[in-house]
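Scope of the values below: all heavy atoms of this structure, side chains included, with no hydrogens, waters or symmetry mates.
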Amino acid sequence: MNTSDIASVLAGYGSCVVAASGGVDSLLLSVLAHRALGAGAVIAHAASPAVPAGDTARLDETARLEGFTVQRVDAGEMRDPRYLENPVDRCYHCKTALYRTLSALARETGAAEVASGTNLDDLSDYRPGLLAAKDFGVRHPFVEAGLAKADIRAMARALGLFFAEAPASPCLGSRIHTGTPITRERLAAVAFAEDALRDRLGLDLVRCRIHGDTARIEVDPSLLASDAGRRGEIEAAVAELGRQFREHFPDIATIGLDPRGYARGRAFHTTL
């Protein structure tokens, strides 16, 4: 699969609104859609407390380099009690709000389709947001072109795009344990902790999981197993975070380092 193949898929749409979260998949889709469709590609980004600031910054930098405009929208998920309750299908409610907003934007701008950065690997995972996409007829050009995550990174690398190696960055809501309500304060605490540890320690992989009034920091397990000095540095940084949390986020009673290290999806539970 080369860029001309995916360009053909996009050209077949005629025009589209791209749901650009700021992750690698949606960034590449934004670039390719803009190059293939020009003004026919509307790049839309949902401004939300659940979106990592680094993702927004990457999208803004991509827009500057590629010469497109990012249209910010408010999908309104923070006003939806079903989303805020943080049920198992939280993503369905979030994506429903997003795709309803982007479908309205498509009608407003005359775009023929709404497109997401979903790839083949996503289809094998539990992703309630895909049901919302189906409800709104959202197109998945990478799936239609037969592209998996590795293909997308390889294409971004081949095009020399600066974000090709950016680490995975799911929404901050995914750090809140299923059943623990989502609040602006908890999302802000997650962002504060992860940004602080990246800045202080240069970590690429860090997650702050919140369960009730407890926060747990997850980092690359290899850092905890192979280098006692590095582990001590991380533990000291987490202890300092605890002091800062008591000042800024008093609803979180305890914060500590998870000795197991990072594991994907640890905050998600299919039963409560």
Side-chain angles (χ1 to χ4, degrees), residues 1-48 51 55-75 94-123 127 129-130 132-166 169 171:
M1 177 63 61
N2 56 45
T3 54
S4 63
D5 296 322
I6 187 68
S8 295
V9 172
L10 291 165
Y13 297 173
S15 58
C16 68
V17 171
V18 175
S21 66
V24 173
D25 298 348
S26 70
L27 288 173
L28 179 61
L29 181 59
S30 298
V31 169
L32 297 176
H34 174 68
R35 292 183 182 182
L37 301 173
V42 179
I43 313 301
H45 180 63
S48 166
V51 176
D55 289 12
T56 300
R58 272 195 300 271
L59 178 58
D60 287 342
E61 178 64 6
T62 302
R64 185 187 70 81
L65 293 171
E66 292 290 322
F68 60 76
T69 299
V70 176
Q71 183 151 347
R72 281 170 166 73
V73 299
D74 177 9
C94 177
K95 295 297 188 183
T96 293
L98 174 65
Y99 294 139
R100 181 184 295 117
T101 300
L102 297 190
S103 294
L105 179 60
R107 291 191 295 271
E108 177 187 328
T109 59
E113 307 285 356
V114 174
S116 87
T118 298
N119 65 70
L120 286 177
D121 292 334
D122 297 329
L123 303 183
R127 291 182 180 262
L130 290 176
K134 184 177 181 180
D135 290 346
F136 287 90
V138 173
R139 303 289 292 269
H140 307 304
F142 290 140
V143 173
E144 293 173 33
L147 296 179
K149 185 72 173 187
D151 302 315
I152 291 167
R153 284 199 185 272
M155 187 175 292
R157 202 176 295 122
L159 291 171
L161 298 172
F162 76 93
F163 54 76
E165 307 304 331
S169 182
C171 82

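Side-chain atoms of S26 come within 3.5 Å of backbone atoms of S21 as a donor-acceptor pair (strictly under, hydrogens ignored). A donor-acceptor distance shorter than 3.5 angstrom exists from the side chain of D121 to the backbone of K149, with no hydrogens or angles considered. In this structure, the side chain of H45 engages the main chain of A20 through a donor-acceptor pair within 3.5 Å. Within the 3.5 Å criterion, the main-chain N or O of A166 finds a donor-acceptor partner in the side chain of R153. The backbone N or O of A112 lies less than 3.5 Å from a partner atom in the side chain of S15, making a donor-acceptor pair.
Salt bridge status for R72 with D60: present, with a side-chain N to carboxylate O gap under 4.0 Å. Taking the charged nitrogens against the carboxylate oxygens, E61 and R58 have no contact shorter than 4.0 Å, which rules out a salt bridge.
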(request) Before giving the answer on side chain to side chain contact (heavy atoms under 4.5 Å, CB included), spell out for L159 and M155 the whole-Å C-alpha distance, their side-chain angles and the decisive distance to 0.1 Å. (result) CA-CA 6 Å; L159 291 171; M155 187 175 292; 4.2 Å; yes

(message) Does F163 form a side chain to side chain contact (heavy atoms under 4.5 Å, CB included) with V31? I'd like the steps, not just the answer.
(response) CA-CA 11 Å; F163 54 76; V31 169; 4.3 Å; yes

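Contact record, S30 with L59: OG-CD1, 4.5 Å, taken as the closest heavy-atom pair. Between A63 and V70 the shortest heavy-atom distance is CB-CG2, 3.6 Å. When all heavy atoms of A36 and L10 are compared, the pair lying nearest together is CB-CB, 4.3 Å. The minimum heavy-atom distance between L105 and A44, with the atom names listed, is CD2-CB, 3.8 Å. D151 approaches G146 most closely through the heavy-atom pair OD2-O, 4.1 Å. The two residues L98 and A46 make their nearest non-hydrogen contact at CD1-CB, 3.8 Å.
Within the model, atoms CZ of R35 and CZ of F68 stand 10.0 Å from one another, a figure rounded to the nearest 0.5 Å. Considering CD of E108 and OG of S103, their distance stands at 12.5 Å, rounded to 0.5 Å. Between the CG atom in L28 and the CD1 atom in I6 there is a gap of 8.0 Å [rounded to 0.5 Å]. Rounded to the nearest 0.5 angstrom, L29 CG and T118 OG1 are separated by 9.5 Å. Taken to the nearest 0.5 Å, the NE2 atom of H140 stands 7.5 Å off from the CG atom of L123. In this structure, OG1 on T96 lies 6.0 Å from CG on D135, to the nearest 0.5 angstrom.
Two residues are said to be in side-chain contact when any heavy atoms from C-beta on lie closer than 4.5 Å; E66 and L161 meet this criterion. Between V42 and Q71, the closest side-chain pair of non-hydrogen atoms falls below 4.5 Å. Using a 4.5 Å cut-off on side-chain heavy atoms (C-beta onward), V24 and E165 make no contact. Within the 4.5 Å cutoff, the side chain of L120 has no heavy atoms near those of the L147 side chain. Within the 4.5 Å cutoff, the side chain of Y13 has heavy atoms near those of the E144 side chain. In this structure the side chain of L37 reaches within 4.5 angstrom of the side chain of C16, judged on heavy atoms. For the pair I152 and F142, the minimum side-chain heavy-atom distance is below 4.5 Å.
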